[in-house]
Each structure stands twice: as structure tokens, then as C-alpha cells.
Colleague: 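Before we start, here is the structure in question, set down as C-alpha cells.
Per chain, numbering begins at 1; letters A, B, ... match sequence-line order. Quick note: numbers below take in every heavy atom, side chains included, and nothing from hydrogens, waters or symmetry partners.
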Amino acid sequence: MRSSHHTGPILGWYTDNARDLPWRRAEATPWGVLVSEIMLQQTPVSRVLPVWTEWLERWPTPAGLAAEPSGEAVRAWGRLGYPRRALRLHASAVAIVSEHEGRVPDSYDALRALPGIGSYTAAAVASFAYGQRHAVLDTNVRRVLARLISGEEYPPKTQTVAEVRLAQSLLPLDPPVAARWSVAVMELGALVCTARTPRCGACPVSAGCAWRLAGRPAYDGPPRRGQAYAGTDRQCRGRLLAVLRHSEGPVEKPLLDVVWADAVQRERALDGLVADGLVDPLDDGRYALPS
DNA sequence: GAGCCGTGGAC
DNA sequence: TGTCCAAGGCT
């Protein structure tokens, strides 16, 4: 359809309501956009903002980060969560230097080939850093389209080909307009068409929303199970890594042992961190962030 | 393709 | 208080 009756109102709404985020400003670099997209995976904007700012001050280019040990990326990642993202961002910086002359690639396929960059992030960077035309399907866009077009409160658990085709069909023809459309739909999902209590009164396309017109029927699909956390290996890994982040150099094993009582689980978690490359076991028995 | 991978804020 | 959720990717 190339453009629907929803396009204009959503683009106009974005012009009036877009947040002033640093990675959206004109002076933001493709590297700044890439860093923001990795940090924003499963992590709220409010927590990303300070870390992104410090990160870009310290490493304004991929080469700057690539020249550091990967452990420095893990340390600077702080408490953003999912620290394997920090490792992959560092690996991406190394690949950008060695394979792309230090410049963030502008093609979807080259972006998609970098570690930690999947279909969403590749489309997002190509769109937001380079003004290209790609279907950008994140959790916000999937939810907006599910409601607006499909009349369902929530999208399917896993992304379907139908969703991709739908998103592509709605993309404006002109690449820069398509890129702006993509970020506009995401912003609408983040600020208005939210998961829990959507603000339909503030929505520019509520009059044509299939879900609202159907009376906002409750989600009736399979239960979307929440992730348990307390007592899991993930929590244990987080505690162990926090010890290393907060220490200047290598730490003795007993300093790790004290943060988790269950020795079997603790060893399993530590082994996992080592296997992931997040922790480096030294020859002398101590542990450190990777070099 | 289901499960795993952190963390903290909102309700 | 516990549950839900936040610009996913990888295996």
C-alpha cells in the first residue's frame, strides 16, 4: 500500500511529540546510533541515557573502543543488564575497524553480520543513521500494528512473516520519509500505545484503530509467561560480575564465593561467565574482567 | 523455536 | 508485594 491513511497523522504526531534524545540529534554519528540501539535492547531509555553519554565521550569512534580490552566495555556497561551486549559491541567495534575502515557500515547485510546485531538492529541503524527504507519491527511497532491493523491487544509471541510483510506494506516509498515513519511508530508505541495502559485519548489514529473499534477486547492468546529472576543463575551471574566490575584488578576466589551461598549454582554460573568470555580465569587462581 | 541472558521502575 | 515490562539476539 506504500502509504495508508495512518501515515500522515502518525508522522505529524511525531513532529509534535518526539522526545529530544541525544542519538536522534543532527550531530549524532552512526556510531552513536549503533551504540544506542545495542543499549536500548530490552532496556528503558531512562537507564540508557547516562551510560550512552559517558560511553560516547570516552569512545567517540569505533576505533577508540576497539583499542581497549573488552573488559573495559563490560565495566563501562555498568548495570544496564545483559552484559554480553557489551562484549558484542566491543567485538563489533573491532570488526568495524578491521573490515570497514573504522566506519559503521551502511548496508543492512553488513550491519546484520556484526555480532549482536540482528534483524531489528540492522534495520534500525540503516534507517536512523543512514535514512534508508527498511521495515523496523521492534516490540513497540509490533504492538502498534497488532492493535491498529489486526485488532489484537498484543502481537504473537514470536515474530511472524505476516508481521514483516505488513510492516513493509506500510512503509512510505521515499527512504527518508520511511525512516522517519519507522521511528514515529516506535515512539507512538513507547509513549501512547503502551503495553499496559494505552492512552487512546492521545493517539492520532485512534479513530481508525481496529482494536479500539472492537471495544479493546482483552488478549486471549496463550499466557505470556514472565521471566523468573530471584534465585536464578542470571541473578547469580549478575552478582559475580558486579564484584569484578567494582574491583580495579583481579580478585581472589573467596571474594566471589561470598556473594552467593549455593556453591553448586555459583560454580555453574561462574563457568558460564567464563564460557561467555565475560570473566577471565587467571593462572594464579584469581579472576578478572577479560583483557 | 523455546529457553536463556540482567536490572530496576511502575503499578 | 509480586508481576509485568523495557528500541533483542543467540543457540
Colleague: Any base atoms under 4.0 Å from A:Ala195, or only sugar-phosphate, or nothing? Heavy atoms, all strands.
Modeller: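 Contact class for A:Ala195: sugar-phosphate only.
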
Colleague: Measure from CD1 on A:Ile117 to P on C:dC10 and round the result to the nearest Å.
Modeller: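 Whole-Å distance recorded here is 9 Å.
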
Colleague: Look at all strands and tell whether A:Arg196 reaches a base, only sugar-phosphate, or nothing, counting heavy atoms closer than 4.0 Å.
Modeller: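 Base, at least one base heavy atom under 4.0 Å.
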
Colleague: Tell me, what's DNA chain B's dot-bracket, Watson-Crick or G-U with both distances under 3.5 Å, | for other-strand, [ ] crossing?
Modeller: .||||.|||||

Colleague: For A:Arg180, is there an ion pair with A:Glu187 - N to carboxylate O distance below 4.0 angstrom?
Modeller: no

Colleague: Does A:Arg79 put a side-chain nitrogen or oxygen below 4.0 Å from OP1 or OP2 of B:dG8?
Modeller: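 For B:dG8, OP1 or OP2 has a side-chain N or O of A:Arg79 closer than 4.0 Å.
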
Colleague: Is the distance from OP1 or OP2 of C:dC4 to the nearest side-chain N or O of A:Tyr154 less than 4.0 Å?
Modeller: no

Colleague: Measure CG/A:Leu89 against P/B:dC5 and give the value in whole Å, please.
Modeller: 21 Å

Colleague: Indicate, with a heavy-atom threshold strictly under 4.0 Å, whether A:Gly118 touches base, sugar-phosphate, or nothing.
Modeller: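 If one applies the 4.0 Å heavy-atom cut-off, A:Gly118 turns out to touch the sugar-phosphate alone, with no base involved.
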
Colleague: Atom CD of A:Gln235 to atom C1' of B:dG8: distance rounded to whole Å?
Modeller: 12 Å

Colleague: Just the rounded figure in Å: distance from C1' of C:dC10 to CG of A:Asp276.
Modeller: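 Taking atom C1' of C:dC10 as the reference, CG of A:Asp276 is at 10 Å.
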
Colleague: Could you walk me through whether A:Asp233 and A:Gln265 pass the side-chain hydrogen bond (donor to acceptor under 3.5 Å, both in side chains) test, one step at a time?
Modeller: CA-CA 7 Å; A:Asp233 286 10; A:Gln265 186 177 27; 2.8 Å; yes

Colleague: So which one's nearest nucleotide on DNA chain B is more toward 5', A:Thr158 or A:Gly238?
Modeller: A:Thr158

Colleague: Answer yes or no: side-chain N or O of A:Arg234 and base N or O of B:dT7 forming a donor-acceptor pair under 3.5 Å.
Modeller: no

Colleague: For C:dG9, does OP1 or OP2 lie under 4.0 Å from any side-chain N or O of A:Tyr82?
Modeller: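 Checking C:dG9 against A:Tyr82, no side-chain N or O comes under 4.0 Å of OP1 or OP2.
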
Colleague: Go through C:dA7, B:dC5, C:dC10 for me and flag the one nearest to the A:Asp233 side chain.
Modeller: B:dC5

Colleague: Between the base of B:dG9 and the side chain of A:Ser46, is there a donor-acceptor distance below 3.5 Å?
Modeller: no

Colleague: May I ask you to check whether A:Thr43 and A:Arg85 show a side-chain donor-acceptor distance below 3.5 Å?
Modeller: yes

Colleague: For A:Arg268, report the nucleic acid contact type (base, sugar-phosphate, nothing); a contact means any heavy atom under 4.0 Å.
Modeller: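 Nothing, no heavy atom under 4.0 Å.
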
Colleague: Please figure out whether A:Arg24 or A:Gly116 has its closest DNA chain C nucleotide nearer the 5' end.
Modeller: A:Arg24

Colleague: Give me the distance, rounded to whole Å, that separates C:dA7 from B:dC5 when you measure between the P atoms they each carry.
Modeller: 22 Å

Colleague: Nearest-Å distance, CG (A:Leu40) to P (C:dG8)?
Modeller: 8 Å

Colleague: I'd like to know if A:Glu163 and A:Arg142 make a salt bridge, using a cut-off of under 4.0 Å between side-chain N and carboxylate O.
Modeller: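 Counted as a salt bridge, because a side-chain N and a carboxylate O are separated by less than 4.0 Å.
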
Colleague: Please compare A:Phe128 and A:Leu114 by the position of their nearest nucleotide in DNA chain C and report the one closer to 5'.
Modeller: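 Its nucleotide being nearer the 5' end, the pick is A:Phe128.
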
Colleague: Counting heavy atoms not belonging to A:Glu27, are there more than 12 under 6.0 Å from its CD?
Modeller: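 Yes, CD of A:Glu27 has more than 12 neighbouring heavy atoms, counting only those of other groups under 6.0 Å.
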
Colleague: Can you tell me if A:Glu153 and A:Trp211 form a side-chain donor-acceptor pair at under 3.5 Å?
Modeller: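 There is no such pair between these side chains.
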
Colleague: Kindly list each side-chain donor-acceptor pair under 3.5 angstrom involving residues 283-291 of chain A, sequence neighbours excluded, with atom names and distances?
Modeller:
unit_1   : atom_1 : unit_2   : atom_2 : d
A:Asp284 : OD1    : A:Arg286 : N      : 2.9
A:Asp284 : OD2    : A:Arg286 : NE     : 2.8
A:Asp284 : OD2    : A:Arg286 : NH2    : 3.0

Colleague: So A:Thr194, base contact, sugar-phosphate only, or nothing? Heavy-atom distance under 4.0 Å.
Modeller: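 The residue A:Thr194 makes no contact with any strand.
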
Colleague: Select base, sugar-phosphate, or nothing to describe what A:Ser119 touches, counting heavy atoms under 4.0 Å on all strands.
Modeller: sugar-phosphate

Colleague: Rounding to the closest angstrom, what is the interatomic distance between C:dT1 and B:dG8 at atom C1'?
Modeller: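 Those two atoms are separated by 15 Å.
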
Colleague: Indicate, with a heavy-atom threshold strictly under 4.0 Å, whether A:Ile38 touches base, sugar-phosphate, or nothing.
Modeller: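 Touches nothing.
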
Colleague: Under 4.0 Å: is that the gap between some side-chain N or O of A:Arg143 and OP1 or OP2 of C:dA6?
Modeller: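 Yes, within the criterion.
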
Colleague: Out of C:dA7, C:dC10, B:dT7, which has the shortest distance to the side chain of A:Arg88?
Modeller: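 The answer is C:dC10, which lies nearest to the side chain.
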
Colleague: Distance-only check: which donor-acceptor pairs under 3.5 Å involve side-chain atoms of residues 49-57 of chain A, not counting sequence neighbours?
Modeller:
unit_1  : atom_1 : unit_2  : atom_2 : d
A:Trp52 : NE1    : A:Gly32 : O      : 2.9
A:Thr53 : OG1    : A:Leu49 : O      : 3.0

Colleague: In whole angstroms, how far is the C1' atom of C:dA6 from the CZ atom of A:Arg142?
Modeller: 14 Å

Colleague: Look at all strands and tell whether A:Trp77 reaches a base, only sugar-phosphate, or nothing, counting heavy atoms closer than 4.0 Å.
Modeller: nothing

Colleague: Is there a side-chain polar atom (N or O) of A:Thr121 under 4.0 Å from OP1 or OP2 of C:dG9?
Modeller: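 The answer is yes; a side-chain N or O of A:Thr121 sits under 4.0 Å from OP1 or OP2.
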
Colleague: Within the 4.0 Å heavy-atom criterion, would you say A:Leu21 contacts the bases, only the backbone, or no part of the nucleic acid?
Modeller: base

Colleague: Once you apply a heavy-atom cut-off of 4.0 Å, does A:Arg237 come out as touching a base, just sugar-phosphate, or nothing?
Modeller: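 Touches sugar-phosphate only.
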
Colleague: Is there a side-chain polar atom (N or O) of A:Gln42 under 4.0 Å from OP1 or OP2 of C:dG8?
Modeller: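 Yes.
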
Colleague: Determine the minimum heavy-atom distance between A:Arg143 and A:Ala190, stating which atoms define it.
Modeller: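 Heavy atoms only, the tightest pair is NH2-N, 4.4 Å.
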
Colleague: Given atom OH of A:Tyr229 and atom P of B:dG9, what is their separation to the nearest angstrom?
Modeller: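 Rounded to whole Å, this separation is 13 Å.
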
Colleague: Write down the atom of A:Val136, the atom of A:Tyr120, and the distance for their closest heavy-atom approach.
Modeller: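 In this case the closest contact between A:Val136 and A:Tyr120 is CG1-CE1, 3.4 Å.
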
Colleague: Between P on B:dT7 and CG on A:Leu49, what's the gap in Å once rounded to a whole number?
Modeller: 20 Å

